[in-house]
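Read the structure below first, then the notes.
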Amino acid sequence: MASCGGRQLSGFGRVLVFAGGLPLTVDGHTVGAVGVSGGSRQQDATVAEAAAAAL
């Protein structure tokens with residue numbers, strides 16, 4: 001995975017991941033995502049993890 005400022009690139013240009021963003025998966029299939037922005041990287045990640053866990 002290559003670092004690009006505050007974001008990371010992976011998936012051969014198909015996926016762009018920012019801190020605070022998490023994919024939502026069901027039975028190994030990605031069905032959506034949750035994204036959070038506005039705090040620090042750690043704050044955004046913590047809130048995104050709580051949101052994903054609540055779903």
Side-chain angles (χ1 to χ4, degrees):
M1 204 176 305
S3 180
C4 185
R7 58 187 182 230
Q8 294 185 339
L9 303 174
S10 66
F12 304 101
R14 295 178 48 207
V15 178
L16 178 63
V17 180
F18 288 88
L22 292 174
L24 300 175
T25 58
V26 175
D27 297 327
H29 294 91
T30 301
V31 297
V34 62
V36 179
S37 181
S40 68
R41 288 181 75 149
Q42 185 58 49
Q43 290 168 329
D44 290 351
T46 298
V47 172
E49 289 168 7
L55 296 176

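Closest approach of G20 to A48, counting heavy atoms only: O-CB, 3.2 Å.
With sequence neighbours left out, A52 forms a side chain to side chain contact (heavy atoms under 4.5 Å, CB included) with L22, L24, V34.
Counting only residues at least two apart or in different chains, side-chain hydrogen bond (donor to acceptor under 3.5 Å, both in side chains) contacts with residues 42-52 comprise S40-Q43, Q42-T46.
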